[in-house]
Number of protein chains: 2
Amino acid sequence: MSEKTILLVEDEPAIREMVGFALSRAGFRMVEAGDANEAHTRLAERLPDLVVVDWMLPGTSGIDLARRLKREEYTAELPIIMLTARGEEDDKVGALEAGVDDYITKPFSPRELVARIKAVLRRSIPEEQSRPITVDGLTLDPSSHRVTVGGEALEMGPTEFRLLHFFMTHPERVYSRSQLLDRVWGRNTYVEERTVDVHILRLRKVLAPSGCDRFVQTVRGAGYRFSQQT
Amino acid sequence: MSEKTILLVEDEPAIREMVGFALSRAGFRMVEAGDANEAHTRLAERLPDLVVVDWMLPGTSGIDLARRLKREEYTAELPIIMLTARGEEDDKVGALEAGVDDYITKPFSPRELVARIKAVLRRSIPEEQSRPITVDGLTLDPSSHRVTVGGEALEMGPTEFRLLHFFMTHPERVYSRSQLLDRVWGRNTYVEERTVDVHILRLRKVLAPSGCDRFVQTVRGAGYRFSQQT
DNA sequence: GAATTTATGACATGATGGTGACATTGCAAT
DNA sequence: ATTGCAATGTCACCATCATGTCATAAATTC
């Protein structure tokens, strides 16, 4: 089994260190973020297998972060474990509403956290998100965050990766620029529609040498489409 | 794209003016209401594309208004953006519970409001109902925005596509040029009736190689018809 | 054959998408 | 701090495409 990646969103360095130690000893790779903003940056770069979020965070609270993650298509399936303060019943209710998979009450032992992580990972179907997708030689593997064509790896930016990922999981269908912004960039981002063009261009440039750019098709007046047919 | 109408429910004239200016500059039409009652009157007259409601209103509060709108079938699908006071966490929770689509914390910049409005409008575009339609080998698939005959893709302009789409969903019936203009071009477009002829011609040219142009029939003195029969 | 209606080719104009360049930002290495 | 770098969003410019209109040819009706 490949090494699982855990994203820890926690502002206290002491807890970060403790959890980090426990996770690495348990064979997990850990990515850290000090607040919700940083968490989004990390998520855009590479999707972890699970997120551990502290309830109390500077700026956007952990619960808001969790809600946002569940709302975005790209991160909706991501399991979340929340760290809550002792005995805050309200927290639990809120957390469950936000679609959190499990929560741990502070103070907790590293051992318990690891156990819960394993339990959540076990029950969440890893296939759904991380199975590689192949279209006519072009393979995208979400778990290793890699795109290959004929064994050759392709280099691209995070946004292009997410764009291609979305396309390959939703082929043979036109998406307007607006829809792509919603579903690839996220609902709370406000960027120009034409920005989509530029990223389509960048994606095509990467795919061009292998000829796979033929899958990324312009539908004039409607948007873009990922299709195997000409 | 047609001009979108925004209903602003806000009691403070200063904010009304500011928002009004920002909206008109962004190409929106704005309708104003000072309280919940007035809002209902405006809604009865004409349904806007989106409602912006202040949390604090004289009489019925904004949150109650939002709840009411979501409860009524006529307005249930209407996107709502709520203006909340600074940092009132309770507001956010209540707003989300009431089915509000987004909320902005005062003070806000007009620019941000416009951005949010656009984002909400973007996401609330209903998924176009889209089952592929086939008539004797000729298939039109709205979701992939593609026309094929015997697996072979046909290329055509957006207007021809819409025209064919309309025809295939309304077969065996004659439509006059003005009816076609209304239903394919839109109610408030002003083009020559003869223009229809030209697009019929263009559509036929695309369909001709496969012989499918036989479906597009001229009914002299009446208009055009899409029919499987000769 | 004259009148009416439709088909068709050509064309100006506007809309749309592709593309290179650039400013900005955040991060990593120095 | 400073520098370098990669990613990203925005813009301006250009090529191409789509559209509406017209003039004229062809077809149909009387």
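Letters go in sequence order (proteins before strands), and every chain restarts at 1.
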*Please give, in whole Å, the distance from D/dT8 P to A/Leu181 CG?*
14 Å
*Check whether the side chains of B/Arg116 and A/Tyr190 place a donor and an acceptor atom closer than 3.5 Å, and report yes or no.*
yes
*A/Thr218 and A/Arg204 side chains, donor-acceptor separation under 3.5 Å*: yes
List, one per line, each side-chain donor-acceptor pair under 3.5 Å for residues 10-17 of chain A, sequence neighbours excluded.
| from | atom 1 | to | atom 2 | distance (Å) |
| --- | --- | --- | --- | --- |
| A/Glu10 | OE2 | A/Glu12 | N | 2.9 |
| A/Arg16 | NE | A/Glu32 | OE1 | 2.4 |
| A/Arg16 | NH1 | A/Glu10 | O | 2.9 |

*Specify the separation, in whole Å, of atom CE of B/Met156 and atom C1' of D/dC17.*
15 Å
_Tell me the interatomic distance from B/Glu155, atom CD, to D/dA18, atom C1', rounded to whole angstroms._
14 Å
*Check the distance between C/dT4's C1' and B/Arg177's CZ and give it to me in whole angstrom.*
12 Å
*Does B/Phe215 have its ring centroid less than 6.0 Å away from the ring centroid of B/Phe167?*
no
_From C-beta outward on B/Trp185, which listed nucleotide comes closest to its side chain: D/dG20, D/dT19, C/dG17?_
D/dG20
_No-hydrogen, no-angle side-chain donor-acceptor test under 3.5 Å, B/Arg146 and A/Ser227_ = yes
_Quick check on contacts: within residues 212-230 of chain A, what sits under 4.0 Å from DNA chain D by heavy-atom distance?_
A/Arg220
*Stacked cation flag A/Arg173 on A/Tyr175, 6.0 angstrom / 45 deg*: yes
*Take the protein atom CZ of B/Arg204 and the nucleotide atom C1' of D/dA26, then report the distance between them rounded to whole Å.*
14 Å
*To the nearest angstrom, how far is A/Leu180 atom CG from D/dG9 atom P?*
13 Å
*Between A/Leu163 (CG) and D/dA7 (P), how many Å, whole number?*
15 Å
*asked:* Is the ring pair A/His145/A/Phe161 parallel, tilted or perpendicular, if the boundaries are 30 and 60 degrees?
replied: parallel
*asked:* Atom CD of residue position B/Glu152 - does it have more than 12 heavy atoms of other residues, nucleotides or ligands inside 6.0 Å?
replied: no
*Donor on one side chain, acceptor on other, A/Arg177 and A/Tyr224, under 3.5 Å*: yes
*Round to the nearest Å and state the distance from A/Glu45 atom CD to D/dA7 atom C1'.*
10 Å
*Mapping B/Lys205 and A/Thr41 onto DNA chain C by nearest heavy atom, which one lands closer to the 5' end?*
B/Lys205
*Would you jot down, in residue-number order, the residues of residues 189-203 of chain B having a non-hydrogen atom under 4.0 Å from DNA chain D?*
B/Val191, B/Glu192, B/Thr195, B/Val198, B/His199, B/Arg202
